Amino acid sequence: MPTPFLVQALAVLSAPALGAVALTGLRLRRRAADAETREAALRLRVDELTAERDVLQRTASCDPLTGVWNYRHLQLTLDREVERSRRVDPGAEPRQLALLMLEIAGFEAVVAEHGRGRGNAILRDLAQRLSVEIRRSDTLGRYGGEEFLVVLPDTGLDGAVQVAERLCWSVRRHQLLDWSPAGPGPDRVSGSNGLTAAVGIAVLPEDGAHAALLLRAADRALAAARATGGDCWRGAAELTGREGTEHPGRTGNLSPCDEEAPLTSAGTAHTTAAVAAARDAGA
């Protein structure tokens, strides 16, 4: 058979095979493109579901009225921080942990004058203001009603006192949207907004080794601060000391009273004005 004829015959016979190969390659490219499209759509859907999950988690952990953390998140955070503080290497210094229980008083006047809706708006605004007065590592949440809880990791009694004083000052001086009390009031401090805060302080491990004991100690300290009329803080250490039990966590003289006149009644609580006066006198 002549060579040109053989070449033509092979070309004729191989044409269907080449066409099949080309068609197969086209189909593979289309399948790859479809797979990439489906993969991109799946990635987009995963991102959407992740965002929705984050929103749901935030919603489940957020107080709907004030926008700060809710009771459930506070409990989980406190349990986690207590366990973190207790879990230290042998011979290492234990991590400090402080708990503040804060109650705001004075909303009755807002509700009486402007209604519950306006009072809720002011409470939300004030809660957001308090949340910027703490560190990013701290946790502030609504404990119930006008009560808030602040978890302060790696913070001792001295640091907790500073935060308590700052929060009391913020509650008393914060501009409450466009609301102002109707009339000065005979017992209202000049320049205040009519609201006050009482704060109870508890620290680990002196006031309790787990979350329930810390909450109970902070609640007792808050009750003592509330009994003075508010705008003050009290530490659970002082309540223990007043009962005659030495408190190993108490260091230094954090009382505005003279050393010769230790705390003997609820009336000697740490008001912010008294603390400032004591500091000025010490200077």
Side-chain angles (χ1 to χ4, degrees), residues 62-71 74 99-134 138-152 160-202 215 218-236 239 256 265-277:
C62 220
D63 178 61
L65 176 60
T66 61
V68 297
W69 299 114
N70 62 13
Y71 178 83
L74 286 172
L99 185 67
L100 305 183
M101 189 174 291
L102 179 146
E103 183 181 44
I104 303 174
F107 274 96
E108 296 82 2
V110 182
V111 174
E113 184 174 352
H114 294 285
R116 175 59 62 181
R118 190 60 176 169
N120 290 341
I122 290 178
L123 181 62
R124 177 183 178 87
D125 180 61
L126 183 56
Q128 294 297 320
R129 179 68 182 88
L130 294 178
S131 66
V132 303
E133 290 292 340
I134 60 176
D138 302 333
T139 301
L140 180 143
R142 188 182 181 207
Y143 196 62
E146 284 84 46
E147 287 189 10
F148 295 84
L149 204 66
V150 187
V151 182
L152 304 172
V161 166
Q162 295 178 12
V163 176
E165 292 179 358
R166 188 164 65 246
L167 294 180
C168 286
W169 187 92
S170 296
V171 170
R172 186 176 67 253
R173 296 290 182 176
H174 181 53
Q175 183 67 33
L176 302 180
L177 300 177
D178 59 354
W179 180 84
S180 59
D187 56 349
R188 183 169 296 146
V189 179
S190 176
S192 70
N193 55 25
L195 302 181
T196 58
V199 182
I201 303 175
L215 287 170
D219 187 57
R220 288 197 301 265
L222 173 61
R226 189 190 301 118
T228 69
D231 197 23
C232 63
W233 57 266
R234 289 298 297 268
L239 304 183
S265 67
T268 55
H270 303 277
T271 63
T272 52
V275 170

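Just so you know, these numbers come straight off a predicted model, no measurement behind them.
With a 4.5 Å cut-off on side-chain heavy atoms, L99 and V151 count as touching.
C62 and G67 make their closest contact through SG-O, 3.2 Å (heavy atoms, listed as atom of the first residue, atom of the second, distance). Across all their heavy atoms, A164 and I201 have their closest contact at CB-CD1, 4.0 Å. Residues G229 and T196 share a closest heavy-atom pair of O-OG1, 4.2 Å. A pairwise comparison of heavy atoms in A198 and G230 identifies CB-CA, 4.1 Å as the closest pair. The shortest non-hydrogen separation linking S131 to V68 is CB-CG1, 4.5 Å. Contact detail for A236 and A221: the closest heavy-atom pair is N-CB, 3.8 Å.
Side-chain atoms of R166 come within 3.5 Å of backbone atoms of E133 as a donor-acceptor pair (strictly under, hydrogens ignored). In this structure, the side chain of R142 engages the main chain of G145 through a donor-acceptor pair within 3.5 Å.
Here CG of N120 is found 12.5 Å from CG of D125. Values are rounded to the nearest 0.5 Å. A distance of 12.0 Å separates CG of N70 from CG of L149, quoted to the nearest 0.5 Å. Rounding to the nearest 0.5 angstrom, the gap separating the CG atom in D63 from the CZ atom in R124 is 8.5 Å. In this structure, CG on L130 lies 11.0 Å from CG on L100, to the nearest 0.5 angstrom. The CD atom of E165 sits 11.0 Å away from the CG atom of D231 when rounded to the nearest 0.5 Å. Taking OH from Y143 and CG from L222, the interatomic distance works out to 10.5 Å, rounded to the nearest 0.5 Å.
Partners of E146 by salt bridge (Lys or Arg N to Asp or Glu O under 4.0 Å), not counting sequence neighbours: none found. Partners of D138 according to the salt bridge (Lys or Arg N to Asp or Glu O under 4.0 Å) rule, which considers only residues two or more places apart in sequence or in another chain, are R135. The ring-ring contact (aromatic ring centres under 6.0 Å, His included) search around F107 returns none, not counting sequence neighbours.
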